[in-house]
Amino acid sequence: MAVTISLYNSLSRQSEPFRPQEEGVVKMYVCGVTVYDDCHLGHARSQMVFDTLHRLFLETGLTVRYVRNITDIDDKIIRKAAEAGVPIEEITRTYIDSFSRDMARLGILPPLHEPRATEFLSSMIALIDRLLQLGAAYRAGGDVYFRVRSFDGYGALSHQVLGELRSGARIEPGEAKEDPLDFVLWKGAKPGEPCYPAPFGSGRPGWHIECSAMSLHYLGPTLDLHGGGMDLLFPHHENERAQSEAATGKTFARTWMHNGFVTTSQTKMSKSLGNTRRIRAFFEDSPFPEAVTREWLRYFFLGTHYRGPVDFTDGGLAAAKNALDGLHQCRALLFERLLSLPEETDPREGPLLQSFMEALASDLDTPVALSVLHGAKSRINPWLSSPTAGDPPVDPREVRALFRLAERTLGILSTPASLWVGGDKSENGGKAGSELTPEEIERLVLSREEARKAKDFKRADALRDELRAAGIVLEDQPGGSPRIRRI
RNA sequence: GGCGGCGUAGCCAAGCGGUAAGGCAGAGGUCUGCAAAACCUUUAUACGGCGGUUCAAUCCCGCCCGCCGCCUCCA
């Protein structure tokens, strides 16, 4: 569907129409993770934001060359390995696996390339060499530093004035920087630490250089879009930009996007504060099957615009689940009603589809996109719930197409109805949602049915209460046996 | 100290110059043996405060108050 995508660019601090350099192809780079621990919900949101953007690009027919790095050489990894007394590779393998599992659980579409820093040492060394030749970098005390004041545009991305920066105001003991603002490109080897040979002395790369080297390798000197969390804006992205542009003389990234934080009690969720919630734990603690939990979390995050903060609360989570339940209920009834009509002939265009796409195209306004879904639901529901009703106020087939569109772009409304309402973890290889065995449940349900037939409502209600206490809710249906729902 | 974000109904959350989307919760109703679920109806003279610009401001400007973030590793 033809829409003009506009995105907020951190560089210009305004929304701009998004136009890739090459017609029909998007070169997109997003900062991944450093693999020294399990990922938390902050990572989940960030990846979800850029996944949604990725899906939006695909939906509009663009080819997306999406690269996301994995940082597998870093001080924290080294320290963790040393503490555990295991090789670095064991730590990185463990957390790369964990990250991959988390991304799969969240339903994040895989990027085209997912390079690891250690696979690109020679590219990084070449880049540093080039910066040294250009005079943008210098050797000092076994390290190599980037000379920040040699790069005119430094600070333009994060809108910092060099003189006001406190960042570099500290020089760590042992560092030999010319200027406090300078940052390390290559750290000289220290005893007992992993190191790699380089013309300027063996050692290991600084944090920022990997992104420059890997994006250059896969996507060339100029990215259409570079993304990451708000906390990467400075210094990470500022540094990446400086060293890349100093080396290539070209614009490094045309659009920069930064997502807001996940907070708890209005405070940023971060590892150093110890207030993180791991993705894995969220899924393991969830009473629902994985597919349901995935949609639940996605819906929760998508309910807030990506640039704002999201406070992670039980109330917010509960509201998200209830709202999603309503959408699923509608979807299940609608799909059943339209079963005989092939989806292939559903409309490709229409006011609902248009509104939905326009919302997403407008700097990824997912809250508005969700409201389009709810709007469609409330207009189609009366028709769905009364079989004798006349013409529906909206084309049911467009609503079906809309739900499919939401499935593709937002990654919600894809779980089969049977799993959504009646599912529990046992169907999913997890723990059971109830203390009762299926046989016990069936026995209680049948007993209640007998009691109801005998008009012994007191006993019937007691049995229903007993089931409810075990997390089983009965929903009587006209004619048939009651529907069993787990809570 | 520098840079930035936020403050909209009980809660969450869009809108960002033309007179307040949506969701959750709540209330009333339909259905039901009673429930539950579902469906219907309903819920902000009003957008932190005070000024200013304008025919018109929640949206622009100024000041103030309150939260939060970046400037050190961090999505």
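Residue numbers start from 1 in every chain, and the chains themselves are labelled A, B, ... in the order their sequence lines are given, proteins ahead of strands. Since the model is a prediction, treat every value here as computed from it, not as a measurement.
On the C1' atoms, B:G26 is 8 Å away from B:U43, given to the nearest whole Å. For B:A57 and B:G1, the P atoms lie 35 Å apart once the distance is rounded to whole Å. Atom name P, nucleotides B:G49 and B:C65: the rounded distance is 15 Å, in whole Å. B:C12 and B:G7: their C1' atoms are spaced 14 Å apart (whole Å). The separation of B:C70 from B:G62, taken at their P atoms, amounts to 26 Å, rounded to a whole angstrom. Of the P atoms belonging to B:C60 and B:C71, the separation is 28 Å, rounded to the nearest Å. Comparing the P positions of B:C3 and B:U8 gives a spacing of 26 Å, expressed to the nearest Å. The same atom, C1', is picked in B:C24 and in B:C34; the two are 27 Å apart, to the nearest Å.
Between A:His54 and A:Tyr66, the ring planes are perpendicular. Angles over 60° get that label, and only those under 30° would be called parallel.
In this structure, B:C47 makes no Watson-Crick or G-U wobble pair, since no nucleotide meets both defining distances under 3.5 angstrom. Under the Watson-Crick or G-U wobble criterion, with both distances below 3.5 Å, B:G17 is left unpaired in every strand shown. Across all strands shown, B:G23 is found opposite B:C11 as a Watson-Crick or G-U wobble partner, with both distances under 3.5 Å. In a base pair of the Watson-Crick type (N1 to N3 plus N6-O4 or O6-N4) or a G-U wobble (N1-O2 and O6-N3), with each distance short of 3.5 Å, B:C60 is matched with B:G52. Nucleotide B:U30 forms a pair with B:A38, judged by Watson-Crick or G-U wobble geometry with both contacts under 3.5 Å. With a cut-off of 3.5 Å on both Watson-Crick or G-U wobble distances, the partner of B:C3 is given as B:G69.
A residue-by-residue look at A:Gln160 and A:Met269 shows that A:Gln160 has its nearest nucleotide of RNA chain B further toward the 5' end. Nearest-nucleotide assignment on RNA chain B puts the 5′-proximal partner with A:Val310, out of A:Asp476 and A:Val310.
Nucleic acid contact class of A:Ser158 (heavy atoms, under 4.0 Å, all strands): sugar-phosphate only. Nucleic acid contact class of A:Arg277 (heavy atoms, under 4.0 Å, all strands): none. Among the heavy atoms of the strands, none lies under 4.0 Å from A:Gly227. Looking at heavy-atom distances under 4.0 Å, A:Asn381 makes contact with sugar-phosphate atoms alone, never a base. Residue contacts shown for A:Arg13 are limited to sugar-phosphate atoms, with no base heavy atom under 4.0 Å away. Residue contacts shown for A:Gly316 are absent, as no nucleic acid heavy atom lies under 4.0 Å away. Counting non-hydrogen atoms under 4.0 angstrom, A:Asp365 reaches the backbone sugars and phosphates but no base. Within 4.0 Å of A:Gln329, counting heavy atoms only, lie sugar-phosphate atoms of the nucleic acid but no base atom.
Here B:C71 presents its P atom at 15 Å from CZ of A:Phe183, a figure rounded to the nearest Å. Atom C1' of nucleotide B:G4 and atom CZ of A:Phe261 are separated by 11 Å, given to the nearest angstrom. Look at CG on A:Leu384: it is 17 Å from C1' on B:C31, rounded to the nearest Å. In this structure, A:Ile484 atom CD1 and B:A36 atom P are separated by 19 Å, rounded to whole Å. A straight line from CZ of A:Phe234 to C1' of B:G69 spans 15 Å, rounded to a whole angstrom. The distance from atom CG of A:Asn275 to atom C1' of B:C68 is 13 Å, rounded to the nearest whole Å. Going from atom CE of A:Met230 over to atom P of B:C71 covers 13 Å, rounded to whole Å. As a whole-Å value, the separation of A:Trp420 CH2 from B:A37 P is 16 Å.
Ion pairing of A:Asp37 with A:Lys271 is absent here, as no side-chain N (NZ or NE/NH1/NH2) approaches a carboxylate O to less than 4.0 Å. Salt-bridge annotation for A:Arg468 and A:Asp465: absent, with no side-chain N of the basic residue lying under 4.0 Å from a carboxylate O of the acidic one. A salt bridge does not link A:Lys453 with A:Glu450: none of the charged nitrogens is closer than 4.0 Å to a carboxylate oxygen. For A:Asp38 and A:Arg101, the salt-bridge test fails: no basic side-chain N is under 4.0 Å from an acidic carboxylate O. Of the charged side-chain nitrogens involved, at least one lies within less than 4.0 Å of a carboxylate oxygen, so that A:Glu449 and A:Arg452 count as a salt-bridged pair.
At least one side-chain nitrogen or oxygen of A:Lys268 sits closer than 4.0 Å to the OP1 or OP2 atom of B:C70.
Looking at the side chain of A:Thr34, the nearest of the listed nucleotides B:A75, B:C34, B:C71 is B:A75. Nearest to the side-chain atoms of A:His159 among the listed nucleotides B:C73, B:C34, B:C3 stands B:C3. Taking the side chain of A:Thr304 as heavy atoms from C-beta on, and the options B:A75, B:A13, B:A37, the nearest nucleotide is B:A13. Nearest nucleotide to the side chain of A:Glu475, out of B:G33, B:A37, B:A35: B:A37.
Test A:Asp75, A:Asp74, A:Asp143 against A:Lys187 for salt bridge (Lys or Arg N to Asp or Glu O under 4.0 Å) and you get one pass: A:Asp75.
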- [ ] Kindly determine whether A:Phe300 and A:Phe282 satisfy ring pair (Phe, Tyr, Trp, His ring centres under 6.0 Å), including the steps that lead there.
- [x] CA-CA 13 Å; A:Phe300 173 74; A:Phe282 184 78; 8.4 Å; no

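Put simply, the side chain of A:Asp461 and the base of B:G33 share a donor and an acceptor less than 3.5 Å apart. Scanning atom types as modelled, one donor and one acceptor separated by under 3.5 angstrom connect the side chain of A:Arg464 and the base of B:A35.
Annotation: side chain of A:Val148 is in contact with side chain of A:Phe146 (closest heavy-atom distance under 4.5 Å).
For the pair A:Arg337 and A:Trp383, the cation-pi criterion (under 6.0 Å, within 45° of the ring axis) is fulfilled. Geometrically, A:Arg307 engages A:Tyr8 in a cation-pi contact defined by less than 6.0 Å to the ring centre and at most 45° from the axis.
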Restricting both atoms to N or O, compile the protein contacts to nucleotides 20-26 of chain B shorter than 3.5 Å, with distance only.
{"unit_1": "B:C24", "atom_1": "O3'", "unit_2": "A:Asn322", "atom_2": "ND2", "d": "3.3"}
{"unit_1": "B:A25", "atom_1": "OP1", "unit_2": "A:Asn322", "atom_2": "ND2", "d": "3.2"}

Could you list, one pair per line, each protein nitrogen or oxygen that sits under 3.5 Å from a nitrogen or oxygen of nucleotides 5-7 of chain B, together with the distance?
none

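A heavy atom closer than 4.0 Å to some atom of RNA chain B occurs in A:His40, A:Gly42, A:His43, A:Ser46, these being the qualifying members of residues 37-53 of chain A.
Here the CD-CZ distance, from A:Gln477 to A:Arg483, works out to 6.0 Å after rounding to the nearest 0.5 Å.
In this model, no donor atom of one side chain and acceptor atom of the other lie less than 3.5 Å apart for A:Tyr95 and A:Asp72. Between A:Ser265 and A:Thr267, the side chains place no donor N or O within less than 3.5 Å of an acceptor N or O (distance only, hydrogens not considered). There is a side-chain donor-acceptor pair under 3.5 Å between A:Asp311 and A:Thr263. Side-chain N/O atoms of A:Thr71 and A:Glu210 include a donor and acceptor closer than 3.5 Å.
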